[in-house]
Protein chains: 2
Amino acid sequence: MSNSSVTVLPLADEAVAPCCPPLTERPLDAEEAERAAQMFKALGDPVRLRLFSLVASHEGGEACVCDISDVGVSQPTVSHHLKKLKEAGLLTSERRGTWVYYRVAPSVLAAMGRLLTARART
Amino acid sequence: MSNSSVTVLPLADEAVAPCCPPLTERPLDAEEAERAAQMFKALGDPVRLRLFSLVASHEGGEACVCDISDVGVSQPTVSHHLKKLKEAGLLTSERRGTWVYYRVAPSVLAAMGRLLTARART
DNA sequence: TTCCTGCATCGACAGACGTCGAATCAGAGG
DNA sequence: CCTCTGATTCGACGTCTGTCGATGCAGGAA
């Protein structure tokens with residue numbers, strides 16, 4: 001089941017895309033908002049959110065397309081959504097033989113989590 | 001400027017909308033994905049994200065519409081987006097005299113942040 | 001009352017988006 | 001070679017969405 005060869009993600013110091021400060025810290029400017037909104041938008045579709053969750057929670061940190069295709073839409077649509085998630089920088093893909101494996105891009109969760117960090121009340 | 005009469009939010013124990021488990025914990029089902037995606041979608045527009053950030057980072061935790069209307073779109077459009085954010089449960093509004101004040105709905109940041117919590121690798 | 005200002009709603013429009021079936025590409029295996 | 005299977009791309013369709021100007025509504029001030 002679980003791939004025992006999976007190691008802890010590198011998670012290098014720079015691996016974190018420093019998109020933006022927390023939403024509560026200061027107003028985002030137009031450029032920051034554009035970038036951050038792109039990530040939120042990618043997760044703003046139920047099917048994509050399920051796909052992302054399926055990949056993120058899958059054993060070994062990766063999932064074959066064939067493993068996550070039961071979300072109620074056709075297979076081309078699944079592929080379309082996975083592409084969107086990849087373009088948004090949320091997933092990465094790798095072909096190994098017949099199958100294509102997707103995994104969560106490193107540091108994405110941390111970056112988005114930081115965006116939603118509540119500030120301490122002054 | 002900042003309203004000194006503003007008190008700490010109640011933040012009742014139930015105030016936290018327990019939308020969903022972290023995306024990395026288990027796959028979201030269709031229902032959970034629908035609800036969570038609605039929030040992400042609301043933040044998936046650059047203008048809305050800026051408006052949310054403007055409110056979230058404003059002194060006193062609230063902002064008058066007139067204070068956050070410089071985002072490059074017309075006034076009706078700003079109103080439209082604020083309504084969307086309210087419908088998504090991310091903002092609340094209150095009219096006081098001539099002005100309408102928006103503030104971040106309690107616990108929303110925490111709830112979304114928890115969704116993006118990375119699981120500890122087993 | 002009348003006027004003015006801040007904000008919301010309405011109606012319309014162009015563009016973006018999600019979905020599908022059909023076709024195409026990429027490997028594995030015979 | 002050919003064939004089969006997994007996955008992507010293509011083309012088309014209907015729907016949703018962001019934007020605007022015009023209009024309407026609520027409160028304060030004269």
Side-chain angles (χ1 to χ4, degrees), chain A residues 28 30-31 33-55 58 62-103, chain B residues 1 3 28 30-31 33-55 58 62-103:
Chain A
L28 264 47
E31 221 176 307
E34 200 77 41
R35 268 181 297 155
Q38 194 183 350
M39 295 195 282
F40 284 115
K41 181 188 262 182
L43 295 182
D45 178 88
V47 173
R48 277 199 295 270
L49 193 54
R50 287 187 73 187
L51 289 172
F52 184 85
S53 175
L54 279 160
V55 171
H58 205 266
E62 65 179 12
C64 165
V65 177
C66 56
D67 288 331
I68 59 177
S69 292
D70 287 337
V71 287
V73 295
S74 71
Q75 192 271 332
T77 301
V78 169
S79 198
H80 167 73
H81 283 307
L82 288 172
K83 185 180 182 181
K84 284 290 189 74
L85 287 168
K86 219 169 77 175
E87 289 172 348
L90 300 182
L91 293 181
T92 62
S93 69
E94 179 195 357
R95 172 163 220 133
R96 288 207 295 275
T98 306
W99 295 278
V100 176
Y101 292 86
Y102 282 82
R103 58 171 56 235
Chain B
M1 288 306 181
N3 190 339
L28 265 49
E31 223 176 305
E34 199 78 39
R35 270 181 296 156
Q38 195 182 350
M39 296 195 282
F40 283 116
K41 182 188 260 180
L43 295 181
D45 179 89
V47 173
R48 276 199 295 269
L49 193 54
R50 287 187 74 187
L51 289 172
F52 184 85
S53 176
L54 279 160
V55 171
H58 205 266
E62 65 179 12
C64 166
V65 177
C66 55
D67 289 331
I68 59 177
S69 293
D70 288 337
V71 286
V73 295
S74 71
Q75 184 271 324
T77 301
V78 169
S79 199
H80 167 72
H81 284 307
L82 288 172
K83 185 180 182 181
K84 283 290 189 75
L85 287 167
K86 220 170 76 174
E87 290 173 347
L90 301 182
L91 294 181
T92 62
S93 69
E94 179 194 359
R95 171 163 222 133
R96 288 207 295 276
T98 305
W99 295 280
V100 176
Y101 293 87
Y102 282 82
R103 59 170 57 234

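Remember, predicted model here, so these are calculated numbers, not experimental data. The sequence lines fix the lettering, A, B, ..., with proteins before strands; numbering per chain opens at 1.
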Handout entry: A:R95 to A:Y101, cation-pi by 6.0 Å centre distance and 45° axis angle
Key = no
Handout entry: By side-chain contact (heavy atoms from CB on, under 4.5 Å) - contacts of B:K41 (at least two apart)
Key = none
Problem - B:L54 side chain near B:V71 side chain, heavy-atom distance below 4.5 Å - result: yes
Practice task
Look only at the side chain of A:S53 and the backbone of B:L28, and say whether a donor-acceptor pair between them is shorter than 3.5 Å.
Solution key: yes
Exercise for the section: Provide the closest heavy-atom pair for A:R96 versus A:E94 in the form atom of the first, atom of the second, distance. Expected result: NH1-OE1, 3.1 Å
Problem - Side-chain donor/acceptor of A:R48 to backbone N/O of A:H81, under 3.5 Å - result: no
Taking only nitrogen or oxygen atoms into account, show me every contact under 3.5 Å that the protein makes with nucleotides 7-9 of chain D, one pair per line with its distance.
residue	atom	partner	partner atom	Å
D:dA7	OP1	A:C66	N	3.4
D:dA7	OP2	A:C66	N	3.3
D:dT8	OP1	A:Y102	OH	2.6
D:dT8	OP2	A:S79	OG	2.6
D:dT8	O5'	A:S79	OG	3.0

Exercise for the section: Using whole Å, report how far CD of B:Q38 lies from P of D:dC16. Expected result: 14 Å
Completion exercise
Closest non-hydrogen contact found for A:L43 with B:F40 is O-CB, 3.5 Å
Exercise for the section: Ignoring backbone atoms, establish whether B:K41 has a side-chain N or O less than 4.0 Å from OP1 or OP2 of D:dC16. Expected result: no
Problem - Close residues, residues 46-54 of chain A, relative to DNA chain D [heavy-atom separation under 4.0 Å] - result: none
Handout entry: Exercise: do A:S93 and A:K86 side chains pair donor with acceptor under 3.5 Å
Key = yes
Handout entry: side-chain contact (heavy atoms from CB on, under 4.5 Å) against A:E34, all qualifying residues, sequence neighbours excluded
Key = B:P46
Fill in the blank from the handout: The residue, A:G97 or A:D45, whose nearest nucleotide of DNA chain C is more 5′ is A:D45
Exercise for the section: Sequence neighbours left out, what passes side chain to side chain donor-acceptor pair (under 3.5 Å) with A:T77? Give chain and number order. Expected result: A:S74
Fill in the blank from the handout: chain B vs DNA chain C, heavy-atom contacts under 4.0 Å, first-to-last nucleotide span, 5' to 3', is C:dG6 to C:dT9
